[in-house]
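Residue indices begin at 1 and follow the sequence shown.
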Amino acid sequence: IAVDGSGISRVYQVKGAGPVPVPQVEPLREEMRLPFLIPFRGGRGILFLCDSSSRDVAIQSIQALCFRLLAAVPPGKLRFTFIDPVGLGQNVATLINLKDYDASEEDSLVTFRVWTEADHIRQQLIALKDHITTVIQERLRDQYPDIETYNREAGEVAVPYRILVVLDFPANFNDEAAQHLLSIAQTGPRVGVYPIVMMDSGRELPYGFKAEALVRSLVTVGWNKALA
């Protein structure tokens, strides 16, 4: 199916004959809204690139995505780490309440709190990098190409997926923390660690950090002004 500004044209292949064009139809006159589909298992993390005018809708999109993950992934197979330096946890308040329904003291559904301070953010990123290293060296080794292959055989000891939610990047990120985030974006999906990052295009990046590297490592969703 080919779609352009003038309408929709279809070409069907008929057995024993050449392509048979179907006459063009009138273009749609009304706006059409379709769900935005992104693969989870075996995919990449997501970067929401926004500015001040699109920040609220980006946050709402991330909240909806997190709840969709909760509905799609089996119980006990998902862990969240939230970083919200500007909202101080308010932007994920509904999600952090999930901890009230999780009796696990270790490796719970949601980390102890929403992380907002620069040093705490850096520590959480280092902890996730350590997790990635451990899974690669102790679980995958040279036997499994990714965590999905490993989990199919692991059964009850399957490794849960970990979702790192970062809002208003690069607020409270120094150059070291930004590089940790980039490393997680590049190496995390293989072991089931997926960053969901909202980047404010109006904020100054840490010294030496290139946004292009993060864009290349994640599926990018943006609004026109922010992408300009």
Side-chain angles (χ1 to χ4, degrees), residues 36-48 62 65-83 92 95-96 98-99 101-115 120-166 169 173 175-199 209-221:
F36 182 52
L37 302 178
I38 300 176
F40 172 51
R41 296 178 179 87
R44 292 185 290 169
I46 305 174
L47 174 65
F48 288 85
I62 290 173
L65 180 57
C66 289
F67 280 113
R68 183 72 186 97
L69 288 170
L70 284 168
V73 178
K77 302 303 181 184
L78 195 64
R79 307 283 185 266
F80 284 100
T81 298
F82 295 110
I83 295 175
V92 290
L95 289 158
I96 203 68
L98 294 170
K99 190 171 179 62
Y101 303 94
D102 188 351
S104 304
E105 294 185 2
E106 296 183 2
D107 209 22
S108 59
L109 177 63
V110 179
T111 52
F112 175 69
R113 55 177 294 182
V114 179
W115 307 102
H120 292 159
I121 291 172
R122 183 182 61 84
Q123 292 173 8
Q124 291 302 308
L125 296 176
I126 291 174
L128 276 175
K129 285 185 65 177
D130 288 344
H131 169 76
I132 292 171
T133 301
T134 299
V135 173
I136 291 174
Q137 295 183 5
E138 298 183 6
R139 305 293 183 93
L140 302 186
R141 301 182 181 179
D142 61 350
Q143 185 177 357
Y144 302 96
D146 51 46
I147 199 64
E148 283 75 24
T149 308
Y150 172 84
N151 280 347
R152 281 196 290 269
E153 298 183 12
E156 294 183 358
V157 295
V159 178
Y161 295 102
R162 295 179 184 268
I163 308 299
L164 170 63
V165 178
V166 179
F169 175 80
F173 273 72
D175 54 345
E176 179 187 354
Q179 292 299 331
H180 287 324
L181 177 61
L182 177 59
S183 176
I184 292 169
Q186 293 172 337
T187 62
R190 185 190 173 208
V191 302
V193 177
Y194 293 94
I196 300 175
V197 181
M198 187 192 80
M199 179 175 172
F209 185 80
K210 302 297 184 183
E212 292 80 4
L214 195 61
V215 170
R216 288 194 300 268
S217 302
L218 301 171
V219 175
T220 302
V221 180

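P145 and R190 get closest at one heavy-atom pair: O-NE, 2.8 Å. The two atoms that bring L125 and L181 nearest to each other are CD1-N, 4.3 Å, heavy atoms only. The two residues P195 and I184 come nearest to each other via the heavy atoms CG-CG2, 4.0 Å. When all heavy atoms of C66 and V165 are compared, the closest pair comes out as SG-CG2, 3.8 Å. In terms of heavy-atom proximity, G45 sits nearest to P189 at N-CG, 4.3 Å. Across every non-hydrogen atom of R216 and R44, the tightest pair is O-NH1, 3.0 Å.
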Self-check item: Derivation of the side-chain contact (heavy atoms from CB on, under 4.5 Å) call for F169 and L214
Solution: CA-CA 11 Å; F169 175 80; L214 195 61; 4.0 Å; yes
Exercise. Kindly determine whether T220 and M199 satisfy side-chain contact (heavy atoms from CB on, under 4.5 Å), including the steps that lead there.
Key: CA-CA 10 Å; T220 302; M199 179 175 172; over 6 Å; no
Exercise. For the pair I147 and V193, evaluate side-chain contact (heavy atoms from CB on, under 4.5 Å) and give the outcome as yes or no after the intermediate values.
Key: CA-CA 10 Å; I147 199 64; V193 177; over 6 Å; no
Practice problem: Apply the test side-chain contact (heavy atoms from CB on, under 4.5 Å) to residues L69 and Y194: give CA-CA distance (whole Å), side-chain angles for both, the deciding distance (0.1 Å), then the verdict. | Solution: CA-CA 11 Å; L69 288 170; Y194 293 94; over 6 Å; no
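Between the CD1 atom in I46 and the CD1 atom in I163 there is a gap of 9.0 Å [rounded to 0.5 Å]. The structure places CD of E176 at 5.5 Å from CD1 of I126, a figure rounded to the nearest 0.5 Å. Residue I83 holds its CD1 atom at 5.0 Å from CG of L164, rounded to the nearest 0.5 Å. The distance from atom CH2 of W115 to atom OG1 of T81, rounded to the nearest 0.5 Å, is 9.0 Å. Note that the NE2 atom of H180 and the CD atom of Q123 stand 10.5 Å from one another [nearest 0.5 Å]. Note: L182 CG to T187 OG1 = 9.0 Å, rounded to the nearest 0.5 Å.
Donor-acceptor pairing under 3.5 Å is lacking for the side chains of T133 and D130. If you check the side chains of Q124 and H120, you find no donor sitting under 3.5 Å from an acceptor.
The environment of K77 atom NZ is dense: over 12 non-hydrogen atoms of other residues, nucleotides or ligands sit within 6.0 angstrom.
Relative ring orientation between F82 and F80 is described as parallel, the plane-to-plane angle staying below 30° on a 0-90° scale split at 30° and 60°.
Residues N151 and V159 meet the side-chain proximity criterion, which asks for heavy atoms closer than 4.5 Å.
Sorted by first and then second residue, the pairs that involve residues 134-143 and meet side chain to side chain donor-acceptor pair (under 3.5 Å), not counting sequence neighbours, are R139-Y150.
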